[in-house]
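Some notes on the structure that comes next.
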Amino acid sequence: MITLNTYVQAGITGFENPTIRFRKKSLNLQTMFVHSHSSMRIMSADNTYKKLGIAKGDWLLIDSALQPLNSDLVVFEQHGDNHIARWNLLCQHIAASGKEWDDLHVIGVITLSIHHFRQPPLLPWHHDLTELDLHQLVITQEHSTILCRAAGLSMLPYIWDHDILVLERHLNPENEDVIVLSLNNDLVVKRVNLHSRTLYSDNPSFKPQKINQDDYTRLHGVVRYSLRLHRPVTL
């Protein structure tokens, strides 16, 4: 798998075309994001937290050994259900309500969330990431998969500015897929309606754009996942 040293605009604005000169060395998601195999695991989100850009079923990379910082997202269990909250807000809520922490168990800090734009594979049961490889779970075809970064806000709530996109060039677009394409020499990420030949944003504040015969388009791949770092790492 390779990475493009460029950004993909979520808005339809001027941008460079991806070419061979942007390619860097091969990357491995397990090496990039898993810093402690024995204390980290992947959980599936039980509910949707739209303001956090997390949908029900998204994968959450959890580290149970990290001490939560104020702005961290944590997964906690209370009365048999799992929830997600920002650590400082959770602490404030507990303090304001006068409730004890006895019935609340912090499972871990979310370091990475993975949103699916197509049906994901089944998440295998595992105790920690000594038993599961994140890279093999997400990347199915090394030679035709690229990582790139998004820029802009038009694909909110599940693609934020600077999110990492897993772009699969071997997939044929299906209706309502999220794709990366060159549009009149601008590189954009948009959802596509194949029947009406229209590109549109998930953020309703941005208008759709219909593709006409005079437009130059070149498909670069289908976005299978978006990855959001919640704890910084060196890429």
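Note that the numbering runs from 1 along the sequence shown for the chain.
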* Asked: Should Tyr216 and Leu183 count as side-chain neighbours, where that means a heavy-atom distance under 4.5 Å?
  -> no
* Check the hydrophobic clustering (I, L, V, M, F, W, Y; side-chain heavy atoms under 4.5 Å; chains of links allowed) and say if Leu171 and Val192 are grouped together. => yes
* In Å and rounded to the nearest 0.5 Å, what is the CD1 to CG distance from Ile211 to Leu199? -> 4.0 Å
* To do: Starting from the C-alpha separation in whole Å, work towards a yes-or-no answer on side chain to side chain contact (heavy atoms under 4.5 Å, CB included) for Ile42 and Leu132.
  => CA-CA 9 Å; Ile42 301 172; Leu132 183 67; 4.0 Å; yes
* **Pairwise distance CD1(Ile179) to CD(Glu174) - rounded to 0.5 angstrom** => 12.5 Å
* Please assess Asp163 against His115 for the test side-chain hydrogen bond (donor to acceptor under 3.5 Å, both in side chains), listing each intermediate value before the final yes or no. => CA-CA 11 Å; Asp163 277 359; His115 179 72; over 6 Å; no
* Asked: Do Arg231 and Asp72 sit within salt-bridge range, that is, some charged N less than 4.0 Å from a carboxylate O?
  -> yes
* List the steps, then state whether side-chain hydrogen bond (donor to acceptor under 3.5 Å, both in side chains) holds for Asp58 with Ser113. => CA-CA 7 Å; Asp58 283 359; Ser113 59; 6.0 Å; no
* **salt bridge (Lys or Arg N to Asp or Glu O under 4.0 Å) between Arg191 and Asp202, worked out** => CA-CA 7 Å; Arg191 201 173 290 275; Asp202 286 352; 2.8 Å; yes
* Side chain proximity check, Val106 to Val75, heavy atoms < 4.5 angstrom -> no
* Structure fact -> CG of Asp63 to CZ of Arg41, rounded to nearest 0.5 Å, is 11.0 Å
* Would a hydrophobic clustering, with Ile, Leu, Val, Met, Phe, Trp and Tyr connected at side-chain separations under 4.5 Å, put Leu229 with Leu61? -> yes
* To do: Report yes if the side chains of Gln136 and Gln30 come closer than 4.5 Å at any heavy-atom pair, otherwise no.
  => no
* Asked: Shortest non-hydrogen contact from Pro173 to Leu219?
  -> CG-CD2, 3.3 Å
* Donor + acceptor pair across side chains of Asp215, Thr217 (<3.5 Å) -> no
* Would you check if the side chain of Thr111 reaches a backbone N or O of His230 as a donor-acceptor pair within less than 3.5 Å? => no
* Side chain Thr198, main chain Asn193, donor-acceptor under 3.5 Å -> no
* Asked: Mind checking whether Leu167 and Leu147 have side chains closer than 4.5 Å, heavy atoms only?
  -> no
* Would Leu69 and Trp87 count as a side chain to side chain contact (heavy atoms under 4.5 Å, CB included) if you check the C-alpha gap in whole Å, the side-chain angles of each, and the deciding distance to 0.1 Å? -> CA-CA 7 Å; Leu69 303 176; Trp87 177 245; over 6 Å; no
* Closest heavy-atom pair and its distance - Asp161, Gly152 -> OD1-N, 2.9 Å
* Looking only at non-hydrogen atoms, find the nearest pair between Leu123 and Ser44 and report the distance. => CD2-N, 4.2 Å
* **Distance in Å, Leu73 CG paired with Leu112 CG, rounded so as to fall on 0.5 Å steps** => 11.5 Å
* Pairing residues for Asp128 by the side-chain hydrogen bond (donor to acceptor under 3.5 Å, both in side chains) criterion, not counting sequence neighbours -> Thr130
* Does Leu60 share a hydrophobic cluster with Leu52, counting links as ILVMFWY side-chain heavy atoms below 4.5 Å and allowing steps through other members? -> yes
* **Heavy-atom pair of closest approach, residues Met155 and Ser201** => SD-CA, 3.7 Å
* Can Phe76 be reached from Ile94 by stepping across I, L, V, M, F, W or Y side chains whose heavy atoms are under 4.5 Å apart? -> yes
* Asked: Mind checking whether Arg197 and Gln213 have side chains closer than 4.5 Å, heavy atoms only?
  -> no
* Taking side chain as C-beta onward, heavy atoms only, is Ile54 less than 4.5 Å from Thr48? -> no
* What are the two closest heavy atoms between Tyr158 and Gly53, and how far apart are they? -> CD2-O, 3.4 Å
* Within the distance-only criterion (no hydrogens, no angle test), does the side chain of Glu77 pair as donor or acceptor with the backbone N or O of His105 below 3.5 angstrom? -> no
* **Side-chain heavy atoms of Phe117 within contact of Ile159, under 4.5 Å** => yes
* To do: Measure the spacing between OG of Ser39 and CG of Leu129 and express it to the nearest 0.5 Å.
  => 8.5 Å
* Asked: Do any N or O atoms from the side chain of Asn203 and from the backbone of Leu153 form a donor-acceptor pair under 3.5 angstrom?
  -> yes
* Structure fact -> Between Leu227 and Phe33, the two heavy atoms sitting closest are CD1-CE1, 4.0 Å
* Asked: Going through the distances and angles, do Asp177 and Arg118 end up as a salt bridge (Lys or Arg N to Asp or Glu O under 4.0 Å)?
  -> CA-CA 8 Å; Asp177 265 344; Arg118 280 195 177 185; 2.6 Å; yes
* Could you state the interatomic distance from CZ (Arg218) to OG (Ser182), rounded to the nearest 0.5 Å? -> 6.5 Å
* Tell me, with the steps shown, if Val189 and Val178 meet side chain to side chain contact (heavy atoms under 4.5 Å, CB included). => CA-CA 7 Å; Val189 54; Val178 174; 3.5 Å; yes
* Distance flag, aromatic centroids of His116 and Trp59, threshold under 6.0 Å -> yes
* Asked: Going through the distances and angles, do Ser196 and Lys210 end up as a side-chain hydrogen bond (donor to acceptor under 3.5 Å, both in side chains)?
  -> CA-CA 8 Å; Ser196 63; Lys210 191 172 181 62; 5.0 Å; no
* Okay, side chain of Arg224, backbone of Val166: is any donor-acceptor separation there less than 3.5 Å? -> no
* **Cluster overlap Met40 with Leu137, hydrophobic side-chain contacts below 4.5 Å** => yes
* Arg228 atom CZ, over 12 foreign heavy atoms within 6.0 Å -> yes
* With under 30° as parallel and over 60° as perpendicular, where do the rings of Trp125 and His127 fit, or are they tilted in between? -> tilted
* Can you tell me if Asn47 and His83 form a side-chain donor-acceptor pair at under 3.5 Å? -> no
* Asked: Between Ile62 and Ile110, does a side chain to side chain contact (heavy atoms under 4.5 Å, CB included) hold up when you go through it step by step?
  -> CA-CA 5 Å; Ile62 307 294; Ile110 300 174; 3.5 Å; yes
* Compare all side-chain heavy atoms of His195 with those of Asn175 and state whether any distance is below 4.5 angstrom. => yes
